[in-house]
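Heads up: the structure comes next, in structure tokens.
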Amino acid sequence: MSRRKHYNRAYTPTQRKSLVLAGDKKKSNRFGKQPDIVDTRGSSKMEIDYFHFYESLYRKEVTDWQKARIMRYDPFNPITYPIQQLYKDSMLDNHLQGAIENRILRVTNKEAVLKDPEGVIDTKRSLFVQKRWFRHVTRKAMESKFYGYSMCFINNFTAGSINKIIDIPRENVIPEKGLILKEAHNPSGEAIPYAAFPNFLIYIQLLPEAVGILERVAPMTIYKRHSWASWDEFEQIFGVPIRIARTMINSEKHKNELQSWLETMGTASYGIFDKQVDIEIKENQKSDSFNVFLQKINVINREMSKGIVGQTMTMDDGSSQSQAEVHQQTYQEITDADIMDFQDWATDDFLPVMRNLGYDIPDGYYVELQEKAVIKPKDKIKIDAELLRAGYNLKTKYIEDTYDVELDEDNPKSEVRQDPVNESLSFFD
């Protein structure tokens, strides 16, 4: 019996539901864990349901990039699925991935703090944003510069505490319409307006256009892949000398044996041939032809470095220290712009969400990213010694946490024995 006839048989609603669950269980075993089915009929609850599309793994070409841009810029029915799949394919390039990751890490490695309107750090409230989920949001915000946008879903929280944030695939998001599509390739199908859930669906876009830097960088990875493939083909044709066998014996058995000898000739190979057989090895005389492909790949790498980090010397080979300083200064300016863009978005768009979810963050507070303060134990001891000389007392918990020691509170202090040679007992002196 066909599947269609099997499904159209007269089943009760309970039996039909069992069939659906059984089918989902088979998919779960084959394609991975699927979200649990929740029946929301008869309730006012609205489920945010979206699909992870199968990744397109076929080789992308420039024509795919052109078609993806046409679909992305469609003024009536823009579709983001093709161009986002193209972006994912381009990120397989090691040079591009390294450049983007380097730029992201220069922002995510900063420490987020909350400051009051006077610019004073609120140490207690800064703990709200010094969490793993906030660093994840910071990364997604930076990724929006390259992919165009990001979408996060706060699916687990309590009053004043966000516990978990998950990502929604960019393929399912249509920024121009403010929709999350159930089927990424069907812009007119079932969708959810994410603006209706501003405290749970977090849309992030740091650049004015929701297309991303990868739009102009992705074609370079396609050209680079062509050069790699051509270089590999060149190696197969000209890199290994061709072996030519000439024989006077015109029999099928002899030709098969001769072919087997040629196929098995490898390192330290030898063969026993008839007198009528002549073996010749043709070597390639053009030793520098690979430069055609190598130089093209190097140029593409430099162009990708300019497109992502604004210069080449932090990613490629440099020539002088003075030039390196200029390139590093250019890179720092880009990093400063990234930090300010994120701080503006986090303060204007995300802090209101945190307040609505129960966080005690007064109006006027803002987010700032700063370098993590790292003080060596030797310098820390000197600072604490100055505080003690000034008459301040240090708490036991502070000393234990700072220096990773355990103090005896029953006998807080014993007689200090001085070294007769060197009165200082400091480990660092």
Side-chain angles (χ1 to χ4, degrees), residues 59-69 72 82-110 139 141-148 206-236 238-239 286-342:
R59 177 174 172 175
K60 301 296 189 299
E61 297 294 342
V62 177
T63 54
D64 297 313
W65 171 71
Q66 294 172 336
K67 293 177 182 178
R69 293 184 70 244
R72 180 67 184 87
I83 200 166
Q84 290 297 333
Q85 287 288 300
L86 185 74
Y87 291 169
K88 289 183 178 180
D89 182 77
S90 65
M91 287 298 293
L92 295 175
D93 185 272
N94 290 328
H95 189 90
L96 177 60
Q97 197 276 339
I100 290 179
E101 186 67 15
N102 194 335
R103 184 167 163 181
I104 292 176
L105 290 177
R106 290 169 69 92
V107 177
T108 57
N109 285 341
K110 299 291 189 298
R139 168 172 286 273
M142 279 300 300
E143 288 181 358
S144 72
K145 285 202 166 188
F146 306 102
Y147 293 91
L206 299 188
L207 292 180
E209 299 293 334
V211 180
I213 299 174
L214 283 173
E215 179 192 15
R216 64 174 184 267
V217 180
M220 300 179 188
T221 63
I222 298 175
Y223 299 138
K224 183 178 177 181
R225 193 177 297 129
H226 290 167
S227 296
W228 277 116
S230 299
W231 196 353
D232 180 71
E233 186 177 357
F234 176 86
E235 177 188 6
Q236 295 180 35
F238 300 104
K286 298 180 180 180
S287 58
D288 60 345
S289 300
F290 69 93
N291 278 319
V292 175
F293 313 108
L294 179 60
Q295 293 302 324
K296 181 180 176 182
I297 291 174
N298 289 336
V299 170
I300 291 175
N301 285 341
R302 288 195 293 269
E303 289 298 314
M304 286 193 292
S305 296
K306 294 175 184 177
I308 300 300
V309 298
Q311 38 76 43
T312 59
M313 293 189 69
T314 58
M315 291 290 298
D316 307 286
D317 295 334
S319 57
S320 66
Q321 182 178 357
S322 59
Q323 289 181 351
E325 292 176 353
V326 173
H327 284 229
Q328 185 63 37
Q329 182 180 358
T330 302
Y331 197 7
Q332 186 59 45
E333 291 177 355
I334 294 176
T335 301
D336 293 341
D338 290 338
I339 292 174
M340 288 187 290
D341 288 341
F342 173 76

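Numbers here simply count residues along the sequence, with the first being 1.
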Distance-only, no hydrogens or angles: does the [X] side chain make a donor-acceptor pair with backbone N or O of [Y] under 3.5 Å?
X: D93; Y: L96; value: yes
X: D232; Y: W228; value: no
X: Q84; Y: Y147; value: yes
X: R103; Y: I308; value: yes
X: W231; Y: V292; value: no

### Message
Salt bridge check, D89 against R225: does any charged N sit closer than 4.0 Å to a carboxylate O?
### Response
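Counted as a salt bridge, because a side-chain N and a carboxylate O are separated by less than 4.0 Å.
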Heavy-atom pair of closest approach, residues [X] and [Y]:
X: L86; Y: A218; value: CD2-CB, 4.3 Å
X: K224; Y: I300; value: N-CD1, 3.5 Å
X: F342; Y: A141; value: CD1-CB, 3.6 Å

### Message
Distance alone, cut at 3.5 Å: any donor-acceptor contact between the side chains of D336 and Q332?
### Response
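Distance-only check passes for D336 and Q332.
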### Message
Side chains of H95 and S305 only: does a donor on one sit below 3.5 Å from an acceptor on the other?
### Response
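Side chains of H95 and S305: pair found under 3.5 Å.
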### Query
Could you go step by step and tell me if V217 and S90 meet the side-chain contact (heavy atoms from CB on, under 4.5 Å) rule?
CA-CA 8 Å; V217 180; S90 65; over 6 Å; no
### Message
Within the 4.5 Å heavy-atom criterion, are L214 and I100 side-chain neighbours or not?
### Response
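In contact.
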Gap separating the [atom1] atom of [X] from the [atom2] atom of [Y], nearest 0.5 angstrom:
X: E143; Y: I104; atom1: CD; atom2: CD1; result: 5.0 Å
X: F293; Y: N298; atom1: CZ; atom2: CG; result: 13.5 Å
X: T335; Y: M340; atom1: OG1; atom2: CE; result: 10.5 Å
X: T221; Y: K60; atom1: OG1; atom2: NZ; result: 10.0 Å
X: R69; Y: I83; atom1: CZ; atom2: CD1; result: 7.0 Å
X: M304; Y: Q97; atom1: CE; atom2: CD; result: 11.5 Å

### Message
What verdict does the side-chain contact (heavy atoms from CB on, under 4.5 Å) test give for D341 and K145, after you've listed the backbone C-alpha separation in whole Å, the side-chain angles of each residue and the deciding distance to 0.1 Å?
### Response
CA-CA 10 Å; D341 288 341; K145 285 202 166 188; 2.7 Å; yes
### Task
Compute both the distance and the angle, then confirm whether R106 meets the cation-pi test with Y331: under 6.0 Å from the six-membered ring centre, within 45 degrees of the axis.
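Relative to the ring axis of Y331, which defines the angle, R106 lies inside both limits.
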### Task
Enumerate the residue pairs fulfilling salt bridge (charged side-chain N to carboxylate O under 4.0 Å, His left out) with a member in residues 292-312, sequence neighbours excluded, ordered by first and then second residue.
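Qualifying pairs: E303-K306.
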### Message
Can you confirm whether E209 is buried at CD, in the sense that more than 12 heavy atoms of other residues, nucleotides or ligands lie under 6.0 Å from that atom?
### Response
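No, not enclosed.
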